[in-house]
Amino acid sequence: IPNPNNGQMQLNFEYLTGKVNVSVYDMRGTLIDQFQTLNGTGPNSYLYTMKQPVEGIYFFVATSKEGTVARKVVIKR
């Protein structure tokens, strides 16, 4: 993920395989988006575009059978 970015980013799921559930939270902890993707083995990525990007800090939480990974993303316009 380029950090900071403008709301369009490449999410990389190197260590997560199978069905990956991704939740996106704003800096107040409010869930603003969630989606699923299906990853094979090896490096995988997902192009994500925020529907209405507003400057701020967001948290992306990805969960699969291997566990949970969380990343902080800064949006600047």
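The distance from atom OH of Y46 to atom OG1 of T37, rounded to the nearest 0.5 Å, is 6.0 Å. To the nearest 0.5 Å, atom OH of residue Y15 and atom OG of residue S64 are 13.0 Å apart. Once rounded to the nearest 0.5 Å, the distance linking CD1 of I75 with CG of D26 reads 12.0 Å. Between the OH atom in Y25 and the OG1 atom in T30 there is a gap of 10.0 Å [rounded to 0.5 Å].
Closest approach of V20 and A62 over heavy atoms only: CG1-CB, 4.0 Å. Heavy atoms only, all atoms of each residue included: G7 and P53 are closest at CA-CB, 4.1 Å. Here the shortest heavy-atom pairing between V73 and N5 reads CG1-ND2, 3.4 Å. Nearest heavy atoms, L31 versus S23: CD1-CB, 3.8 Å. The minimum heavy-atom distance between G40 and T17, with the atom names listed, is O-CG2, 3.4 Å. For the residue pair M9 and L47, the shortest heavy atom distance occurs at O-CD1, 3.5 Å.
Shown here is Q36, whose CD atom has more than 12 heavy atoms of other residues, nucleotides or ligands within 6.0 Å.
In this structure the side chain of V61 never reaches within 4.5 angstrom of the side chain of V22, judged on heavy atoms. At least one side-chain heavy atom of K51 sits less than 4.5 Å from a side-chain heavy atom of D33. In this structure, Y58 and I32 have side chains that are in contact, with non-hydrogen atoms separated by less than 4.5 Å.
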Can you check side chain to side chain contact (heavy atoms under 4.5 Å, CB included) on K65 and K19, steps first, answer last?
CA-CA 8 Å; K65 63 185 178 187; K19 184 172 73 171; over 6 Å; no
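Side-chain heavy atoms closer than 4.5 Å link hydrophobic residues (I, L, V, M, F, W, Y) into clusters, and following such links, even through other members, never connects V24 to F59.
Aromatic ring orientation, Y48 versus F60: perpendicular (interplanar angle above 60°, classes split at 30° and 60°).
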